[in-house]
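Just so you know, these numbers come straight off a predicted model, no measurement behind them.
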Amino acid sequence: MTKTYTDDEIHKLLHPFVSKWFKSSFETFTDAQRQAIPSITSGQNILVLSPTGSGKTLTAFLAILSGLTSLSQRGMLEEKVYCIYISPLKALDNDISKNLEAPLEGINKEAGYDLGIRQAVRTGDTTQYQRSKMLKHPPHILITTPETLSILLVAPKFREKLRDVSYVIVDEIHSLAENKRGTHLSLTLERLEELTGGFTRIGLSATVNPPRSIANFLVGYFYGQPRPCEIVNVNYLKKLDMKVLCPVENIIETDVETLNDKLYSMLHNLIQKHETTLIFTNTRSGAESVSYKLTSKYPKYYSSKNVMAHHSSLSKEVRLETEENLKKGNLKVVVSSTSLELGIDIGYIDLVILISSPKSVSRALQRIGRSGHRLHEKSKGRLVVVNRDDLVECSLILKNALEGNVDKINIPMNCLDVLSQHIYGISIEHKQNIKQVYNLIKQAMPYHDLSWESYEQVLRYLAGEYTKLEQRYVYAKIWVDWDSNTFGKRGKLARVLYSTNIGTIASRSHARVKCNGKVIGSIDGDFMERLHKGDTFTLGGRVYKFMYARGMTVSVIPSSSTPSIPSWVSEQLPLSYDLAVSIQNFRAIMDWKLSSDISESEIIEYIKNYLYVDENSAKSIYYYFLEQYLYSEIPSKNKLLVEYYTGFGGRKFVVFHCLYGRRVNDALSRAVAYIISRRYHHDIMISIDDNGFYLSSDSKIGGVEAFEELNSDNLREILIEAIDKTETLASRFRDCANRSLMILRRYKGHEKSVGRQQVTSKILLNFVREIDDDFAILNEARREVIEDYMDVNSAEEVLSRIENKEIIIKTVSTTIPTPFAFNLVSRGYLDVLKYEDRGEFIRRMHEAIINKINKNNTRKI
């Protein structure tokens, strides 16, 4: 969309009551509203991309409120749902419900009477009384989650209230599209489309790329082509005040204790200059650590009253308390892992600090967009770095953010576990035609190229045609009559089983933490098992002493002792492939500049201008690259460096400098290690990070020769062999077995513990392999590992570039790891080195390298 309408033109489209209320509440329409409202009014599908705080939600609702007002005035407002609003968060649902109260009250005031337009939230938290009330008097605007909407489609009485839905709004669509919750929602929307005969789809998102893919995800396909969808993109009109900051002048030569002190001194100074600061760490333990250290280092300024942590392992009550305190302006600082990234209303924030790299441009923009939440205000963010790899990464994030280059979203395709769940749901509605359901499924964008074979496999599994599965208590969910081309539900409990086991979020083992009988949060089961009586840890930024555990419940009391910070077993955020390629390009530029006759001052000036960083950052980056260049070679987009290094005790390392992000590196490392271990008949240890991976062994170890056997055509096949007996596949199979209803989490009021699910899934995995190694859900687990957990598609692209000689492979042998390998190699000593010692280890390696460079080169550092 490029056409922008005037205020007068839009006011003419709105009902007079809505128009008058808007004029009394706002001076003018936002850019997003000027472009989108006329299209929504005329019933066109639309994707609105606009910064946080630019009135996206009101953009979606104004035309709908106008239509409902018109129906009410004419006495035509019926007892049914006209609009469904879907968000990934219950908290966001509650916010929207509160935020709709003001316009509804204002419109009623302009009308001079109650128009009777109702809105209500329906989630898993909705009480039975409220549900019964909704059945008698359904909300005209239903606010819900993807999972609840899917359940409502099989609730016979409420399903009838959805037959005339005219609008569906999907908020924060980018956070759904990239995972199986979004895949699930896409099928739910197609089922709703069939029920209603069609409705207008409105997608809302802050940062997304490519827009057309997300638009197609929103609207789905019809007769093999994406349905029409307009895109309103005003994403980069909001000004950004972003900077990369380093607590010290020279990161590599500063000891860990000093770096830590300077980091908190910088955080303290930044916080004191602002009203309310939101700090993002990348892990829950990081959020706990930062909130605790702020209060312990600066007790005069911070306490549990004005500093709180917010993350997904805290109880709902504690999170709500934090959110309420934020809205009321009671907090000076909130420290979050990822849980405050999405657009829930948290009041006014005037600074966002990101500690360490957020690993993607879109995530950085999403987080920083939480500040300056008022229209025409700048979003202010500071990226604080603590090592040189972080500095380079954050500098490229800054460049790409300011230039509007956002990472691409990867949408999971043809997920057979989610498909199983939906086919079961569809069978509950009424008797179905097999071919018609296949065509319905293919209308959902993630399934538009689903093969008939895969579809048939899932039907055969659900119909119980693998009879041996009954030995492991996996029974048929549906009946299929292949002759009449029909299928339907089996058993009287179908609706209950479906409704109580629906969803895509994997269960994890967590222990509830209780203090004085009140649940305050949860910790990982693994962490609980390591606790001894008297141990202290933080939760929500407060310190507690462990007393005892009963089952999966931990009892604690408040403590003032120094804590041991919780060690949550959580996956680290992976570097996005697009950002990795951007860093690789910068490496190639630096390689060329350092090999040319260009002075130091010119290169530093170039770095400042190219990356928008300050003098100190530019110098640090310059010397980091210079050290790598003089000591060895700079790996880049067209040069893969393989480094052979012998470590302590003669252990051999082969370091692959492939900066593609950990998802790509996971795929490449497993394939290379599998080939090498098969060739030399001994086990290989692997360690990966975003910048590369290494293989290590006490015996002879190869490296480059793996690429003689590995190519873009056989990577998938080799990976599937490599992951076959791994815990990674076993874990993903359990999740897929849950989603496909092979393992029921809940049955007849009983809940199966995560521990029991794990045992059941391991037995089931081996059983399924014996029955049919091509079983649909086993294949889905493999697909999830190599496509979603890893990134096999981008890894194939890398191998293809090696085959086409676009990437050359160079090898070097070193006695001290190259500077670019420091962080990766030091990870290998994490078991024997504490964090502080690891920092010291890196500093010593750096000193040794500088000495070697100065000894062997005329160009000194």
Side-chain angles (χ1 to χ4, degrees), residues 146-147 150 177-191 217 220-221 410-427 432 434-435 437-466 469 472 474-478 480 487 497-498 501-506 716 719-720 723-724 728-745 761 764-765 767-769 771-790 792-793:
E147 292 77 12
S150 196
E178 62 188 353
N179 56 51
K180 287 189 174 182
R181 282 189 84 195
T183 310
H184 195 280
L185 175 62
S186 70
L187 283 171
T188 303
L189 292 179
E190 292 310 323
R191 288 167 63 190
F217 171 80
Y221 280 59
N410 296 306
I411 299 171
M413 304 298 282
N414 299 323
C415 307
L416 301 183
D417 50 354
V418 176
L419 180 60
S420 303
Q421 204 174 110
H422 269 279
I423 289 174
Y424 189 35
I426 289 167
S427 75
Q432 302 285 352
I434 293 174
K435 183 69 178 171
V437 170
Y438 176 61
N439 292 334
L440 169 77
I441 288 161
K442 281 170 71 73
Q443 287 175 192
M445 183 264 197
Y447 294 95
H448 76 271
D449 63 352
L450 178 74
S451 70
W452 176 265
E453 290 73 26
S454 295
Y455 173 60
E456 195 177 289
Q457 262 194 323
V458 172
L459 281 175
R460 291 189 186 283
Y461 145 61
L462 288 170
E465 291 189 18
Y466 297 88
L469 282 173
R472 300 295 346 138
V474 179
Y475 300 105
K477 310 284 187 301
I478 64 173
V480 175
F487 71 89
L497 285 178
Y498 179 75
N501 288 280
I502 201 170
T504 59
I505 300 168
R716 283 173 187 263
L719 272 181
I720 284 169
I723 63 167
D724 196 49
T728 307
L729 180 66
S731 170
R732 298 284 161 161
F733 177 78
R734 173 172 68 86
D735 296 342
C736 293
N738 275 152
R739 291 189 202 102
S740 60
L741 310 175
M742 289 184 81
I743 299 173
L744 298 175
R745 291 185 291 251
S761 74
L764 199 53
L765 174 59
F767 200 74
V768 161
R769 276 200 188 106
I771 296 172
D772 181 1
D773 198 52
D774 243 1
F775 184 69
I777 308 309
L778 176 55
N779 278 340
E780 172 55 26
R782 289 165 176 152
R783 187 212 62 78
E784 187 176 315
V785 172
I786 68 170
E787 288 186 14
D788 302 347
Y789 180 67
M790 299 176 192
V792 70
N793 295 318

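In this structure, CG in L419 is found 11.0 Å from CD in Q457, a value given to the nearest 0.5 Å. The distance from the OG atom of S731 to the CG atom of L765 is 11.0 Å, given to the nearest 0.5 Å. Taken to the nearest 0.5 Å, the OG1 atom of T504 stands 10.0 Å off from the CG atom of L185.
At a threshold of 4.5 Å between non-hydrogen side-chain atoms, the residues I771 and L469 count as touching. Using a 4.5 Å heavy-atom cutoff, the side chains of Y447 and V418 are in contact. By the 4.5 Å heavy-atom criterion applied to side chains, Y466 and V474 are not counted as neighbours. Annotation: side chain of D417 is not in contact with side chain of M742 (no heavy-atom distance under 4.5 Å). The shortest distance between side-chain heavy atoms of C415 and E784 does not fall below 4.5 Å. A 4.5 Å side-chain heavy-atom check between I723 and T728 finds every atom pair outside the cut-off. Contact annotation: the side chain of H422 never approaches that of S186 to less than 4.5 Å [non-hydrogen atoms, C-beta and beyond]. E178 has its side chain out of reach of N410: every pair of non-hydrogen atoms, C-beta onward, lies at least 4.5 Å apart.
Side-chain atoms of Y455 come within 3.5 Å of backbone atoms of I434 as a donor-acceptor pair (strictly under, hydrogens ignored). Within the 3.5 Å criterion, the main-chain N or O of S740 finds a donor-acceptor partner in the side chain of Y461.
Ion pair E780/R739 not flagged as a salt bridge, since none of the NZ, NE, NH1 or NH2 atoms sits closer than 4.0 Å to an Asp/Glu carboxylate oxygen. A salt bridge between R716 and E787 is present, with a side-chain N of the basic residue lying under 4.0 Å from a carboxylate O of the acidic one. A salt bridge links E147 with R181: the distance from a Lys NZ or Arg NE/NH1/NH2 to an Asp or Glu carboxylate oxygen falls below 4.0 Å.
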### Message
Quick one, S420 with I777, criterion side-chain contact (heavy atoms from CB on, under 4.5 Å). Give me CA distance, side-chain angles, the key distance, then yes/no.
### Response
CA-CA 9 Å; S420 303; I777 308 309; 3.6 Å; yes
### Message
I'd like to know whether D788 forms a side-chain contact (heavy atoms from CB on, under 4.5 Å) with R783, so could you lay out the CA-CA distance, the side-chain angles of the two residues, the decisive distance to 0.1 Å, and finally the verdict.
### Response
CA-CA 7 Å; D788 302 347; R783 187 212 62 78; 2.7 Å; yes
### Intermediate values then yes/no, side-chain contact (heavy atoms from CB on, under 4.5 Å), R191 and L440
CA-CA 8 Å; R191 288 167 63 190; L440 169 77; 4.2 Å; yes
### Task
Assess whether side-chain contact (heavy atoms from CB on, under 4.5 Å) is satisfied between R782 and D724, documenting all intermediate values.
CA-CA 8 Å; R782 289 165 176 152; D724 196 49; 3.8 Å; yes
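Of all non-hydrogen atoms in I743 and N738, the two that sit nearest each other are O-ND2, 3.3 Å.
Side chains of Y498 and S150: a donor on one and an acceptor on the other come within 3.5 Å.
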